[in-house]
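Accompanying notes for the structure given below.
Worth saying up front: this structure is predicted, and the values here are computed from it rather than measured.
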Amino acid sequence: MSAAVLTAAPPRPAHRDPQVLRWLGAYTASTVGDSVYYLALSWAAVSSGSPAQAGLVMAVSAVPRALLLLFGGVIADRLGPRRVVLASDTARCLMTLGLAAVLLATSPGLWLLAAAALVFGAVDAVFLPAVGALPPRIAARDQLARVQGLRGLAYRMGSVLGAPLGGLAVATGGPASAFGAAGALFALSLPLLCALRLRPLPTEEKLPTGEKGKKADGPVLRDLADGLRHLRGHRVLGPLMITILLADLGFVGPLNVGLALLAEQRGWGAPGIGWLLAGFGAGAGAASLLLAVRGRLPRAGATLGWTMVLGAAAVAALAFTPRLPVAVAVAVAVGLLAGVSGALCHALVQTECDPAYLGRVSAVSSLGSLGLAPLGMPLTGAAAGLWGTGPVFVAGAAVCALSGAFALTVPSLRRAELPR
């Protein structure tokens, strides 16, 4: 057959691509390990101190994550996302296994648990941007939205499997057993990550062979400023970052703190919280499955804005729902709408961003939900104590609605589309 009539084979769909499946397996193992680790940490902290002290140990990891997240994006872009994820999971594996060994030998004080939480938060600050920067290096551009759907499913699976697995480990051998299980899960991700074969960036394909893979070695602050300039000058990514930040600030506090307070006030108790979280998780999982199966949604920017507005209305409705079954149904709607808007945000970041800046852009997009919003949770609790849970939900819904309205009023973002 003549070479002229040979054509390149079409790229495999993401759910059939061995590269994507290896990455998905590693991400799932790491996510389940995260859930088991946090359960083990909370149990060990409660066993070693008062509830207030345990809460402080659990919250302390958010501080280095918030302070270092943007610099973690620079590191991911400089060293390469796979190398950073490998180093992060190795560090988390060694740390959790070390904690398991210490707990088997002695009863450590809260200071050791707090120190471990600080280190874990610092590692998260480089791990999270690197995870966000990996998909374009393993999948074709028209498959990135589907990859984000698969990532959402893996994240939900981690939340669903991690809690009972961690609880079983604690019941079997105490926190030491749970930390050991978390370390084993982090270790499971390492060979899968090592087996990944990365696609070259478009800019690297034009370089001579000896120059490929080389990273900038100038000042870190200059690289960070370059990434922020890339965002500011981009017609889609700039307004998208504002949209994501507003949505995170309005959503994270009321949903994480407010649900527990709402269940207490309504008399639903701990089972009520479980049902509400299960409803939210089911809705978010359905949204991830939708994107994973379809691969894209038409009019992505406009769909993003409208789902945020409708999701805000559903969040506000939770404050006025007196019966648990109705509240669970509303939580499913919140999860579905928030899941669609969140998946579209991640997919647009992946497809619009120059891959060379993706670590830094992923860090900025994660700053609200993983850095700033957790630090505001005590304020959410204080506001609920002063004015009640209902006003907190309404205020959070108003901020979420503002984020959706902003997305709809910026023409470049409203018209943004995912690649076919």
Side-chain angles (χ1 to χ4, degrees), residues 22-65 68-69 72 82-128 130-131 154-195 370 374:
R22 291 187 191 102
W23 171 82
L24 191 65
Y27 180 74
T28 302
S30 185
T31 303
V32 177
D34 261 345
S35 297
V36 174
Y37 160 79
Y38 280 111
L39 189 145
L41 182 67
S42 64
W43 192 271
V46 168
S47 302
S48 302
S50 67
Q53 290 172 326
L56 182 62
V57 169
M58 294 302 296
V60 75
S61 63
V63 176
R65 190 166 56 215
L68 301 175
L69 193 60
R82 182 179 64 172
R83 186 182 302 176
V84 173
V85 172
L86 267 169
S88 301
D89 271 356
T90 300
R92 296 196 291 181
C93 173
L94 295 176
M95 189 186 74
T96 48
L97 292 178
L99 277 173
V102 170
L103 285 170
L104 286 174
T106 183
S107 297
L110 284 172
W111 67 268
L112 179 60
L113 298 176
L118 281 171
V119 173
F120 209 88
V123 173
D124 268 353
V126 295
F127 172 80
L128 294 167
V131 165
Y155 179 80
R156 296 299 160 193
M157 186 181 300
S159 301
V160 170
L161 296 179
L165 180 60
L168 178 62
V170 168
T172 302
S177 177
F179 280 125
L185 286 162
F186 292 134
L188 180 61
S189 73
L190 301 180
L192 294 170
L193 291 168
C194 289
L370 299 172

Interatomic distance, [X] atom [atom1] to [Y] atom [atom2] [nearest 0.5 angstrom]:
| X | Y | atom1 | atom2 | result |
| --- | --- | --- | --- | --- |
| F120 | L99 | CZ | CG | 9.5 Å |
| L97 | M95 | CG | CE | 10.0 Å |
| L161 | L185 | CG | CG | 10.0 Å |
| S30 | Y155 | OG | OH | 12.0 Å |
| L128 | R65 | CG | CZ | 7.0 Å |

Heavy-atom pair with the smallest gap, counting every atom of [X] and [Y]:
| X | Y | value |
| --- | --- | --- |
| A154 | T28 | CB-OG1, 3.2 Å |
| A91 | V123 | CB-CG2, 4.3 Å |
| A26 | S189 | O-CB, 3.5 Å |
| R22 | A195 | CD-CB, 3.7 Å |
| A169 | A178 | CB-CA, 3.6 Å |
| F186 | D89 | CB-O, 3.8 Å |

Side-chain contact test, heavy atoms from C-beta onward, threshold under 4.5 Å: evaluate it for [X] versus [Y] and give yes or no.
| X | Y | result |
| --- | --- | --- |
| D34 | R92 | yes |
| V126 | L68 | no |
| L118 | S61 | no |

| said: Any side-chain to backbone donor/acceptor pair from S177 onto G174? Under 3.5 Å, distance only. | reply: no
| said: Using only atom types and a distance under 3.5 Å, with no angle test, would you say the side chain of S35 pairs donor to acceptor with the backbone of G158? | reply: yes
| field | Residue that, paired with S88, satisfies side chain to side chain contact (heavy atoms under 4.5 Å, CB included) out of T90, V85, L86, V84 | value | V84
| field | side chain to side chain contact (heavy atoms under 4.5 Å, CB included), paired with L165, selected from V170, L39, V32 | value | V32
| field | Intermediate values then yes/no, side chain to side chain contact (heavy atoms under 4.5 Å, CB included), W23 and L192 | value | CA-CA 7 Å; W23 171 82; L192 294 170; over 6 Å; no
| task | Determine the interplanar angle of the Y37 and F179 rings, folded into 0 to 90°, and report it as parallel if under 30°, tilted if 30 to 60°, perpendicular if over 60°. | result | tilted
| Derivation and outcome, side chain to side chain contact (heavy atoms under 4.5 Å, CB included), residues L112 and V102 | CA-CA 10 Å; L112 179 60; V102 170; 3.7 Å; yes
| request: Begin with the C-alpha distance, continue with both residues' side-chain angles, and end with the deciding distance and a verdict on side chain to side chain contact (heavy atoms under 4.5 Å, CB included) for M157 and T31. | output: CA-CA 8 Å; M157 186 181 300; T31 303; over 6 Å; no
